[in-house]
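Structure first, then comments.
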Amino acid sequence: MGDFILEMKNITKEFSGVKALDNVNLKVKKGEIHGLCGENGAGKSTLMKILSGVYPHGTFSGEIIFDGRELKLNNIKDAEDAGIGIIYQELSLVKELSVSENIFIGNEPNKNGIIDFDRMYYETKILLDKLNLNINPNVPVKNLGIGQQQLVEIAKALSKNVSLLILDEPTSSLTDADVEILFKILRQLKDNGVTCIYISHKLNEVMEITDRITVQRDGKTVGSEDTKNLTESEIIKMMVGRELTNLFPKEEHQIGKEILEVKNFSVYDSKSSSKKIVDNVSFTLKEGEILGIAGLIGAGRTELVSSIFGSYQGKHEGEIYLEGKKINIRNPDEALNYGIAMVPEDRKGQGLINILSVRNNMTLSNIESYKNNFGSVDENKEIVDVKKYIEMLKIKVSHFDLAVKNLSGGNQQKVVLAKNLLRNPKILILDEPTRGIDVGAKYEIYKLIYELVKSGISIIMVSSELPEVIGLSDRIVVMHEGKKKGEFVNKDVTQEMIMECAIGGK
Amino acid sequence: MVNSKGFKENDVSTNKKFTFNLKLYTMIIALVGIWIIFAIATKGDFLTSRNMSNLFRQMVSTAVLAIGMVFVIIAGQIDLSVGSLLGLTGGIAAIANVWFHFNGILSIIIALAVGLILGAWNGWWVAYKNVPSFIVTLAGMLVFRGILIGITNGYTIAPLSNDFQFIGQAYLTPVSGYLLGIIVLLVGAYTTYSQRKSKIKYGLEVSPSYLDIAKIILMVVLIGLFVFTLNSYNGIPFSVLILAILAAIFTYIASKTVFGRRVYALGGNIEAAKLSGINVKKITLILFAINGLLAAVSGVVLTSTLNAGSTSAGQNAELDAIAACVIGGASLSGGVGSVIGAIIGALVMASINNGMSLLNSAPFWQYVVKGLILLIAVYIDAASKNKE
């Protein structure tokens with residue numbers, strides 16, 4: 001078996017008790033393009049972070065054999081020195097610097113600390129020529145298109161003489177033409193003996209470019225196979241083929257008349273206003289209904305719901321009807337006044353004020369309602385409510401005046417939920433409501449969601465976890481690259497059906 | 001349903017209050033320590049009622065600035081323009097009073113209006129035009145000082161009319177001082193009582209009554225000592241009364257009102273505050289406007305105390321105010337701070353100035369010592385946080 005350039009053996013990595021990787025094995029042959037597939041959260045990125053030294057040796061168990069010897073990486077530099085380069089989904093170029101400065105950042109050719117710009121230019125030129133790229137090395141990176149920036153990243157990796165190149169979702173923001181160029185370059189690299197690990201959700205691309213594929217699921221390796229022996233639907237099956245556990249306490253609830261209609265809704269990128277992130281999406285929501293919105297990362301789900309809630313920065317067009325009346329929401333305050341609340345995706349960044357107490361966080365949205373005649377907050381009335389919700393949501397906290405940063409993820413999420421519930425919403429949007437929280441807390445949140453719909457609240461739930469979407473939703477909307485790709489009434493819907501839709505098939 | 005046991009075990013409210021106040025207590029202890037050192041070094045001169053009276057009067061202008069500044073800092077912003085604004089509004093008041101012969105009250109109202117408007121000007125650029133507050137107020141610092149020098153032609157404007165001088169130089173009669181102390185005590189006792197009643201009404205746990213009684217006794221002692229000391233000299237200075245009233249109002253705003261809660265929220269995490277339906281732009285604008293208004297109050301008091309408007313009034317005062325806030329526990333990254341802390345911080349700064357002047361040490365030492373105290377105060381805070 002000497003032809004493996006990389007063997008990762010029995011890799012296990014835990015984050016505060018949760019296994020992100022469980023005995024993972026990955027073998028990559030020399031000179032091949034190896035596809036790595038799996039759902040969001042299957043552990044692909046964690047595995048690659050281990051391989052590139054982000055998580056240093058000792059923070060995980062298992063061993064890495066690279067080029068015949070065991071690797072013990074302490075940092076990213078070690079990985080680079082060993083010949084492993086990684087290109088992240090989020091480009092890591094310094095936009096204000098030139099192409100050559102970016103490529104040689106951190107190891108600039110210099111004489112006594114003075115940068116030798118001529119040599120830097122010359123070597124960049126050689127590198128770009130090798131990739132058949134017609135880019136001026138002196139141009140600032142910000143003037144290049146996204147596709148060219150991606151290629152500069154590759155050039156940067158190659159400048160470090162990598163023998164293994166990892167690409168994490170390299171095509172997520174590329175046009176088809178750019179993808180063609182990228183593939184040409186990858187094949188060329190392969191001919192030059194560079195090995196690639198190619199991570200992507202886009203199965204058609206994986207099928208086209210890779211030689212072999214490894215599929216991961218829930219932190220475990222499902223299997224590896226030569227690409228030519230696989231079909232897309234077989235890969236999907238490997239990706240999602242888990243049992244639906246009885247984590248979902250399906251409870252009967254009454255679904256009423258239509259409460260919300262979103263019509264021809266489009267959202268433009270907050271950074272480049274010509275790019276549509278959500279493209280002409282329409283859906284409805286009924287009273288007491290749980291509407292799941294599924295899709296892969298980058299499908300535009302968060303942008304859709306946060307635009308409805310009025311918190312997304314980019315502009316949007318389209319119509320929203322609440323109980324038959326057309327409404328126009330410009331900011332979260334207006335949304336809350338209409339009875340639409342949202343638990344955002346990014347709990348720490350958008351949901352909570354870390355340094356403030358549980359109480360102050362909970363009543364942040366409805367603080368006006370405790371105002372007494374002197375304009376002050378009636379704290380006792382407030383505390384009564386806070387205690388009620390701590391009890392109702394089973395929030396584990398020793399005191400309500402403790403800062404939320406001391407709470408576990410699940411309890412923090414419950415505080416965010418309580419904050420939104422205190423506004424008595426008619427519609428509650430949940431964006432990834434169980435991200436990063438443990439199974440016990442998940443179960444409690446699912447129970448709570450049923451409690452809410454039983455009391456007549458309608459829920460829109462964005463989730464990347466298919467079992468969650470299928471286990472909870474009454475109806476499921478699937479998005480793909482900004483478009484609504486399908487809608488399912490949740491009856492005999494399988495994960496395969498949703499996944500196929502989310503990937504853009506059919 | 002009601003997990004009464006759970007709450008019993010959870011209820012550490014008294015404990016929690018104690019830890020919150022620990023920071024305040026440390027500051028008070030530090031202040032007392034500084035006073036003791038000066039008292040020993042000056043052989044008791046520092047603690048005479050005359051010097052205490054002077055000390056409190058000296059702290060007023062920095063403390064008033066610090067009250068406004070601490071709100072801005074809690075909101076995660078900074079205001080470098082208040083020193084210049086203090087000078088400008090004080091100068092405008094003096095010009096109105098001396099050159100145009102407006103009466104004191106009208107002159108003061110004009111100055112306060114200018115402070116409010118220029119503060120709102122700062123706030124508008126920060127909140128609605130997204131220019132960083134450091135830059136907006138740095139510009140304000142230059143512009144306001146420039147205008148001051150321009151309109152005064154570099155002259156010192158004096159003397160003020162009697163009604164204007166009153167603000168910074170008058171004292172309450174001893175009787176009215178004691179009367180005021182008694183009123184404050186009665187209000188304090190009543191609030192304690194009504195809070196207790198309200199807690200019982202909502203079925204919340206009340207702290208043991210001996211604690212409330214101890215609290216009232218402590219108030220009696222502190223206020224009594226304060227009024228007695230100042231009455232032994234000339235009485236409570238009118239400017240100190242203004243400071244006390246402002247401190248009470250703004251402590252109330254910070255800790256008891258919806259507005260105050262929102263200021264802490266937006267300083268703690270502006271994104272989360274926005275998503276919670278808070279109009280962060282409006283609040284930011286109001287904060288800077290209030291800060292401008294307080295800078296004008298400070299300017300009026302200082303002008304009145306000095307009986308003159310001058311082009312150099314309030315130079316570097318913004319730095320003293322920021323230092324006072326930070327010594328008083330405010331964090332420049334936002335979300336943390338208190339009005340009472342800022343005032344104690346200002347008192348620390350004023351004590352160092354006053355004590356070192358009494359000791360006849362060269363002025364440069366005051367800068368060095370103040371600078372080091374600021375550094376050490378923040379270091380202690382950071383170190384204790386790391387330990388957590």
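Scope of the values below: all heavy atoms of this structure, side chains included, with no hydrogens, waters or symmetry mates.
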Proximal component of A/Asp378, with respect to chain B [non-hydrogen, under 4.5 Å]:
side chain

Going by the salt bridge (charged side-chain N to carboxylate O under 4.0 Å, His left out) test, which pairs reach into residues 348-361 of chain A, not counting sequence neighbours?
A/Arg359-A/Glu379, A/Arg359-A/Glu382, A/Arg359-A/Asp401

Can you list the steps and then say if A/Lys381 with B/Lys201 is a side-chain contact (heavy atoms from CB on, under 4.5 Å)?
CA-CA 10 Å; A/Lys381 202 172 151 195; B/Lys201 180 181 138 201; over 6 Å; no

Heaviest contributor of heavy-atom pairs below 4.5 Å to chain A, chosen from B/Ala265, B/Ser255, B/Ala273, is B/Ala265

Side chain, backbone, both or neither of A/Ser306 within contact of chain B (heavy atoms, under 4.5 Å)
neither

Does some side-chain heavy atom of A/Leu364 sit less than 4.5 Å from a side-chain heavy atom of B/Arg261?
no

Let me know if A/Phe309 has heavy atoms under 4.5 Å from chain B in its side chain, its backbone, both or neither.
side chain

Compare all side-chain heavy atoms of A/Leu352 with those of B/Asn269 and state whether any distance is below 4.5 angstrom.
no

Can you tell which of A/Asn361, A/Asn366, A/Asn380, A/Asn420 has the highest number of heavy-atom pairs within less than 4.5 Å of chain B?
A/Asn380

Atom NZ of residue position A/Lys447 - does it have more than 12 heavy atoms of other residues, nucleotides or ligands inside 6.0 Å?
no

Using the test side chain to side chain contact (heavy atoms under 4.5 Å, CB included), find all partners of A/Gln350 that sit at least two apart in sequence or belong to another chain.
A/Pro344, A/Asp346, B/Glu271, B/Leu275

Flag if over 12 foreign heavy atoms under 6.0 Å of CD, A/Glu451
yes

How close do A/Ser365 and B/Ser276 get, counting heavy atoms only, and between which atoms?
OG-O, 3.0 Å

Taking all heavy atoms of A/Ile355 and all of B/Gly268, pick out the closest pair and write down the distance.
CD1-CA, 4.1 Å

Counting only heavy atoms not in B/Tyr128, do more than 12 sit closer than 6.0 Å to its OH atom?
yes

Which atoms of B/Phe259 are under 4.5 Å from chain A, going by heavy atoms: the side chain, the backbone, both sets, or neither?
neither

